[in-house]
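To find a chain, count down the sequence lines: A is the first, B the second, and so on, and within it residues start at 1.
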Protein chains: 2
Amino acid sequence: MTKLPTLPAKSPQAATEKVAEAIALAIHQHRIVPGTKLGEDELGEIYGVSRTVVRAALQSLAHIRLVEIKRNRGAFVAQPTRAEALEIFEARELLEPRTARSAAANATLEDIALLESHIRDEHNALATADPGRAVHLSGLFHVEIARIAGQVTIAGFVETLIARSSLIIALYWRRESALCEKHAHHALVKAIADGDGDRAADLMRSHLVDLHTALDLRDRSVPARSLKEALGA
Amino acid sequence: MTKLPTLPAKSPQAATEKVAEAIALAIHQHRIVPGTKLGEDELGEIYGVSRTVVRAALQSLAHIRLVEIKRNRGAFVAQPTRAEALEIFEARELLEPRTARSAAANATLEDIALLESHIRDEHNALATADPGRAVHLSGLFHVEIARIAGQVTIAGFVETLIARSSLIIALYWRRESALCEKHAHHALVKAIADGDGDRAADLMRSHLVDLHTALDLRDRSVPARSLKEALGA
DNA sequence: CGTATATTGATTGTATACAATTATGTGTCC
DNA sequence: GGACACATAATTGTATACAATCAATATACG
């Protein structure tokens with residue numbers, strides 16, 4: 001297992017962060033759908049921690065807008081509107097070609113290997129009919145590129161955008177067009193490995209446009225599930 | 001006995017946000033300098049709230065990287081390095097011309113008036129030799145433009161960048177070049193009022209480059225003050 | 001029968017109490 | 001005098017308890 005060289009010195013034991021990551025993962029993998037109420041007591045019981053910890057985790061997730069906190073009403077998995085969806089992809093089209101370009105300039109062999117392993121994982125997830133996990137891994141791929149780019153601030157922004165994109169995909173994704181991903185990611189890694197910043201930026205841009213246009217902005221209701229069922233690992 | 005309906009009385013339950021804003025303001029106005037330890041008990045006593053509230057506020061500020069939280073050690077006002085300073089201004093040069101362009105397309109007369117009042121306030125603060133407040137207001141001006149642009153996500157990013165810029169200015173600003181601001185902001189508002197997006201974007205870009213080049217990246221120690229003295233308003 | 005109002009229940013907001021970790025100060029030994 | 005070890009104090013991390021607020025149901029009234 002390779003360590004992440006650039007951005008996050010993820011401190012190992014922090015109950016709050018662990019809970020936050022667990023919830024975020026569940027959202028990314030679409031095990032809990034947008035709109036779901038995230039009760040503090042309920043989550044505390046599931047993870048075996050007190051409300052204090054759950055609360056901090058939820059506030060952390062609220063800051064990256066994965067959940068929305070309404071005063072005195074509680075936390076809910078965020079439901080981006082169509083307008084927000086477009087906005088987020090616009091922002092990605094602004095930032096990510098830049099990160100791809102910088103990544104091409106900075107990437108080490110280790111970085112390339114990591115990206116390739118991400119692609120393999122993603123492919124496997126698709127093969128095993130686990131689309132939620134595939135979406136999550138696809139997002140990790142983009143975040144990883146931002147980290148390689150070495151611009152901590154922008155990488156943080158990209159991470160936020162990816163997180164919200166996951167919600168958007170849960171709400172507005174049109175299932176038919178799912179395969180393009182793998183080849184796009186492969187080509188991108190190749191450009192980065194070649195150190196060809198221009199090509200990497202272009203590929204990233206067109207990849208994002210593809211994603212963007214694959215959204216179906218009609219309403220689509222998603223079936224709810226109980227938290228215990230979804231999170232009770 | 002019946003309570004008045006539909007009266008949106010501001011519930012005093014925004015305690016956390018109030019404290020967070022108070023601390024953020026103090027940092028923005030350079031009343032507390034980078035590196036200062038922010039003890040939970042101490043802050044709780046100053047604002048008359050419990051550590052629970054202070055803790056939440058500090059974590060919120062940590063998310064926008066105004067403070068840095070070290071596990072089991074406490075919260076400190078963040079100290080961006082020179083590299084981070086450059087990075088942040090790069091990010092601003094990427095995002096803010098875009099917000100200026102969108103603002104030019106969207107701005108109402110009301111928005112323009114608001115921006116002009118911001119400029120007046122900033123000018124007054126400079127006239128009354130209150131540079132900390134001027135820096136703060138200058139930042140608000142940029143955030144306001146992002147808000148007018150209507151892109152919530154990007155506006156949030158800009159807000160974070162402005163916040164950190166305030167820290168950077170506290171650490172690396174070269175005092176001699178302070179006056180350029182006002183004219184730059186004026187010209188920018190004019191372009192926005194005219195609906196000239198291209199010009200607004202250009203002006204914003206050059207304005208940011210000016211700021212960027214006005215940084216002095218040599219080390220400079222800033223004198224510390226006690227929290228009670230700085231915050232006890 | 002429908003609407004409006006009071007009461008109840010559940011959930012969040014805040015404060016306090018306890019546990020774990022880190023920083024500090026003191027004494028001993030070299 | 002300096003370095004190390006231990007004890008003590010101070011601070012943060014977490015859990016629990018209480019207060020405030022909101023949603024929902026029940027009840028009274030037209």
Can you tell me the distance, in whole Å, between the CD atom of B:Glu40 and the C1' atom of D:dT14? 12 Å

Separation of A:Tyr47 atom OH from D:dT14 atom P, in whole Å? 16 Å

Reading nucleotides 16-22 of chain C 5' to 3', which nucleotides get B (base under 4.0 Å from a protein heavy atom), which S (sugar-phosphate only), which -? BB---SS

Selection from C:dT11, C:dT14, D:dT14 that lies nearest to any side-chain heavy atom of A:Thr16: D:dT14

What's the spacing between B:Leu61 CG and B:Leu38 CG if we round to 0.5 Å? 8.5 Å

Check the distance between D:dT11's P and B:Asp41's CG and give it to me in whole angstrom. 7 Å

Can you check the B:Gln59 CD to D:dT12 P distance for me, whole Å? 12 Å

List in chain and number order the residues that pass ring-ring contact (aromatic ring centres under 6.0 Å, His included) with B:His142, two or more places apart in sequence or in another chain; answer none if no residue qualifies. B:His185, B:His207

Sorted by chain and residue number, the ring-ring contact (aromatic ring centres under 6.0 Å, His included) partners of A:His63 (sequence neighbours excluded) come out as B:His63

How would you list, by chain and number, every residue that makes a ring-ring contact (aromatic ring centres under 6.0 Å, His included) with B:Phe76, sequence neighbours excluded? none

Grab the CZ-C1' distance between A:Arg55 and D:dA15 for me, whole Å please. 14 Å

So, using side-chain contact (heavy atoms from CB on, under 4.5 Å) as the criterion, who are the partners of A:Ile169 when residues are at least two apart? A:His30, A:Val135, A:Trp173

Is B:Lys37 close enough to D:dA10 that one of its side-chain N or O atoms is under 4.0 Å from OP1 or OP2 there? no

Taking salt bridge (charged side-chain N to carboxylate O under 4.0 Å, His left out) as the definition, give me every residue that meets it alongside B:Glu87, ordered by chain and number, with sequence neighbours left out. none

Expressed as a whole number of angstroms, how long is the span from A:Lys70:NZ to C:dA10:C1'? 17 Å

Between C:dG13 (C1') and B:Lys18 (NZ): distance, integer Å: 15 Å

Between atom CG in B:Leu58 and atom P in D:dT11, what is the gap in whole Å? 15 Å

